[in-house]
Amino acid sequence: MYRIVKREQFGPVTFLWEVEAPKVARAARPGHFLMVRIDATGERIPLTVADYDAARGTVTVVIQAIGKTTRQMMALPEGAEILDFVGPLGLPSAIEAPGKVVLVGGGLGVAPVYPQLRGFKEKGSTTISIIGFRSRDLMFWEDRFRRYSDELLVTTDDGSYGMKGLVTQALQKVLDAHADVKEVIAIGPLVMMRACAEVTRPRRVKTLVSLNSIMVDGTGMCGSCRVTIDGLMRFACVDGPDFDGHKVNFDELMLRQKRFEREERESLERYLRESAAVAKLPCASSDPMQSIAVLRTLRDTEAQLSNVPHLAPVPEPLPPPEPGAKPVVKNIRTIAPKRTGMPEQDPQVRARNFQEVNLGYSLDMALGEAHRCLACKKPRCVPGCPVGIDIPGFIAAVGRRDLKAAYRILKDANAMPAVCGRVCPQESQCEATCIVGNKLEPVAIGRLERFVADFAAARGWDELPDAPKSGRKAAIIGSGPAGLACAGDLIKRGVEVTVFEALHVAGGVLKYGIPEFRLPNHIIDVEIANLQRLGVKFELDAVVGKLFTIPQLMGEMGYDAVFIATGAGSPKFMNIPGESLNGVFSANEFLTRVNLMRGNERPLYDTPVGMGRRVAVVGAGNTAMDAARVALRIGAERVFIVYRRSEVESPARIEERHHAKDEGVQFLWLTNPVRIIGNEAGWVSGMECTGMELGEPDASGRRRPIVKPGTGTMLDVDTVISALGTTANPIIAQTTPGLNTNKWGYIEADETSCATSLPGVFAGGDIVTGAATVILAMGAGRKAAAGILRHLKIDTTAPAAVAAAS
Amino acid sequence: MPSTCPKCRRVVAEDVICCAELRTTWRCRSCRKLSSGFVMPYGKCFMCGGELETIEGHEFDDPMKVRPIREAVQFELNTYHFYRLALAKVTDPTQRAVLEQLYQNEVDHLHHLQDVYHTHLNDEVLDLRPDVGALLADRLFEGIDLADPRAGAVGLYDKAIAMERRTRDHFKALGGELPPGPERDICLELAAEEEEHVALLEAEREQFLVR
Ligand SMILES: Cc1cc2nc3c(=O)[nH]c(=O)nc-3n(C[C@H](O)[C@H](O)[C@H](O)COP(=O)(O)OP(=O)(O)OC[C@H]3O[C@@H](n4cnc5c(N)ncnc54)[C@H](O)[C@@H]3O)c2cc1C
Ligand code: SF4
Ligand code: FES
Ligand SMILES: [Zn+2]
Ligand SMILES: [Zn+2]
């Protein structure tokens, strides 16, 4: 929680907060911004840093109450606490060698210009400031500006103070008077920034503007904030927020700022209605702190009710083993040819809810399936498993009804069997190599894994031992499967572990990407709670590379080793015309708005989703299936999967593809989007596609899709979700000198130890391999743990703290 | 951007399965076990734990002219015929079940040779002269107590395992004699293959005994 230590009102809707956030204050620089969320159901909204004081540990922001969230913020009194205050984010402004600079702030933009003004002055520049307000009563910080400006012009639209007119008129005047202006910095409403850029363009004066576009994470993971700069797509949160004003496509940005206009209006109206009603209640308190506390409790209770975790099943005793079975020959020809089916929710019903689709095996089903395993002496399934689980061993234990032993075997190799049993692409791993699969359906290894793990979870078979402390400290960056697996192995060897996570929840893709109906959150929460009980510390809202860097972790912060497990979270777009239209999302943005921010539960939660009715999802991997199925569940009338190859090349798990089909998702195979069409208001109105066919096999036998002439079609959709994979997020690499990356920006790490080019720094998971799988990320986490233990010279020959009771 | 193809483990620039329905062939660097499938395993050789390498697969003008391949086919054919003829003689259902499985295994092994070395056998080779057949079948049953259904079945397994072992040892020895080169490689591959057959039969025998 972050306390508002000072609050000041500037006019009817503008106010200032000074927030106690010592770490953020230490790292903040002019030009940075923050992502702020006031409570558990709130939106994450970007706010530009208006000032910071490292000594006092405070950060100042100036906010204008326009929508619901900012009005709620305005209602918070001094002393109130807010839930998340993430930052500093974005690239700091480049405040370079002295010269003459003009700083223009319009309205609220006056605040973020201020630290830049101070910065320039401290660097020895000549500073001319122009600050503009609608009228005198809205004015603030004239004194501050005067202190650092060699010349200050104040404008008001109505002439109630200073010069009557707009800041652009003042800028024109200043530029006429000073031929030697080196740079103009303009921050304010989009129209103002555009007008300033137009004033400076003919004079060729460098002009920087700060683009506060619509954001979700603020760390480069969703693409919501994308802007077009000089014809190229850029993410305002990582590539900006400062950009060359002469290169910004302002028209497009203005349309994009209207993405959630309708939702915002609805929320605000509801908020005003409700607060008026609350104020009329006889019990309404005049103390703002108290009424806010009451409202918060109400909201939190409501939110909690809406996410009641699944209750653990009542422990049931294991039935006794059957008396000795009769001798039959068991081999590939005498076992059941088909695997035991997985009970699932009815497709019609589940397509409208977020409950888990697969219901899991019963004990009888598991025993039946376990019987199909041939217990190979030289099992082929084991090398098919990326972490080498003793598969016949655990299946034999299931067959003996010794589920505890089965769980122990799973846990020996796999940190999270309940997760992997649900999301591993078994059909291209263990089940692909299982010998039974040569002739029949392979043994349903994944389903058995899930059965055992679920059986164990409800019964507390995870032992949480006390490992002797080694006195060494490790920092893990990222709380996805790689980070969590590494944390588990390190803490069991007595290493003090802190996991730093950029988002406000731990779990990585498992939480914000994979939806509830495929992997319920409580499964991951159990794992995280276990790690916490073992002593792993989680620091959420901590963007490493921004709040502090890896050199700082290894230096002043005293960590002996760092594991980078930041995933490959940066979304990729198609690079076709029309991608900045409203209604075009990256799958990451869409899934984050729903899975993480619970936008589908508006108005209880504040984050809008902004999906239309007819949705095209481009791509055919797991992410595409997830996006399509989420779209159905939150009310899409029609959902298409558009993929330029054929079904066999779809990298999604087979089960997800089948489930999506059963639920009514329509698949357009061999179809390639070429253009997204929009209406005048900037919204998607269709997507033009062309048919593809698979070309002749090349030398290696691969067949590439080629355009089939004369097959253009127009898909009638109003929403397009791009699920074309992800790339590396640049934040860590940018801020870690000496860390080697490959040409795609992924970190180079040793295959066995996960060591990087920097001593003591390890990396693994998607940030090394590129988008891969949960189990590979977990496997990498465990390898890294072993590498770190070797690096720290911690004995790994002594038996590790055991994972499960014997 | 780039990702690793989940089937063949190649790094590809696009997020797709690059090889879809393409079969991959790989070999263990230590025991030379050759395998092929739609999915390349992540881990080490399932037979010996050695490193795996993908290979292009074998190409021969006439594989049956390569000595170890020809011999391997001959061995598998012989065993195949043993089981076929033996089946005709046995009436006990358990023993028949065992024999049928052994016979089926041999069919699989022949298919494997066909897959990997492109040996294409015609029906002529697959049929055996009746007199030779009778002789072979009798030899198979030597020393097995067929009167006891259970002991008889175990005896069949033991015999089959012994035969696979003999073949394995043959190729191992032959590989040891040959100079380094493709023929020697093939001998080692075949020895590894037989090793797997032994393991398969041992597992089946064990399963049989615990029931
Ligand atoms: C929608 C979707 C569905 C998927 N479905 C499957 C599936 O069914 N099966 C499967 O096996 N795989 C699936 N995957 C892939 C799988 O989720 C990933 O391969 C896996 O999560 C990678 O794990 P990781 O630990 O490397 O990274 P992630 O899970 O991406 O976790 C990285 C974490 O690091 C945090 N982070 C990033 N930068 C910083 C920073 N600078 N400071 C602090 N924290 C930071 C991120 O916020 C994130 O929480 C899916 C992926 C997606 C997106
Ligand atoms: S390969 Fe298949 S049959 Fe053999 S042990 Fe593994 S799961 Fe069982
Ligand atoms: S807010 Fe910039 S990428 Fe998500
Ligand atoms: Zn491939
Ligand atoms: Zn081997």
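Every chain is numbered from 1, with letters handed out A, B, ... down the list of sequences. Atoms considered below: every heavy atom in the structure, side chains included; atoms not considered: hydrogens, waters and symmetry mates. Since this is a predicted model, take the numbers as computed values, not measurements.
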Where the side chain of Lys378(A) meets the backbone of Phe46(B), is there a donor-acceptor pair that is under 3.5 Å apart? no

I'd like to know if Glu206(B) pairs up with Lys377(A) as an ion pair, taking the criterion as any Lys NZ or Arg NE/NH1/NH2 lying under 4.0 Å from an Asp or Glu carboxylate oxygen. yes

Hey, could you give me the [atom1]/[atom2] distance between [X] and [Y], rounded to the nearest 0.5 Å?
{"X": "Ser428(A)", "Y": "Tyr42(B)", "atom1": "OG", "atom2": "OH", "result": "6.0 Å"}
{"X": "Met47(B)", "Y": "Arg380(A)", "atom1": "CE", "atom2": "CZ", "result": "9.0 Å"}
{"X": "Glu204(B)", "Y": "Cys376(A)", "atom1": "CD", "atom2": "SG", "result": "9.0 Å"}

In terms of heavy-atom contacts, does CD of Glu751(A) have more than 12 from other residues, nucleotides or ligands at under 6.0 Å? no

Could you check whether atom CG of Asp62(B) has more than 12 heavy atoms from other residues, nucleotides or ligands sitting under 6.0 Å from it? yes

Measure Glu100(B) against the heavy atoms of chain A and call it side chain, backbone, both or neither at under 4.5 Å. both

Is Asp108(B) close to Asn438(A) at the side-chain level, that is, under 4.5 Å between some pair of heavy atoms? no

Which atoms of [X] are under 4.5 Å from chain B, going by heavy atoms: the side chain, the backbone, both sets, or neither?
{"X": "Val648(A)", "answer": "both"}
{"X": "Arg703(A)", "answer": "neither"}
{"X": "Thr433(A)", "answer": "side chain"}
{"X": "Ser650(A)", "answer": "backbone"}
{"X": "Ala375(A)", "answer": "both"}

How far apart are the closest heavy atoms of Pro383(A) and Pro41(B), and which atoms are they? O-CB, 3.5 Å

Closest non-hydrogen atom pair between Val39(B) and Glu427(A), with its separation: CG2-O, 4.4 Å

Given side-chain contact (heavy atoms from CB on, under 4.5 Å), test Gln101(B) with Ile332(A) step by step and report yes or no. CA-CA 8 Å; Gln101(B) 171 62 7; Ile332(A) 189 107; 3.9 Å; yes

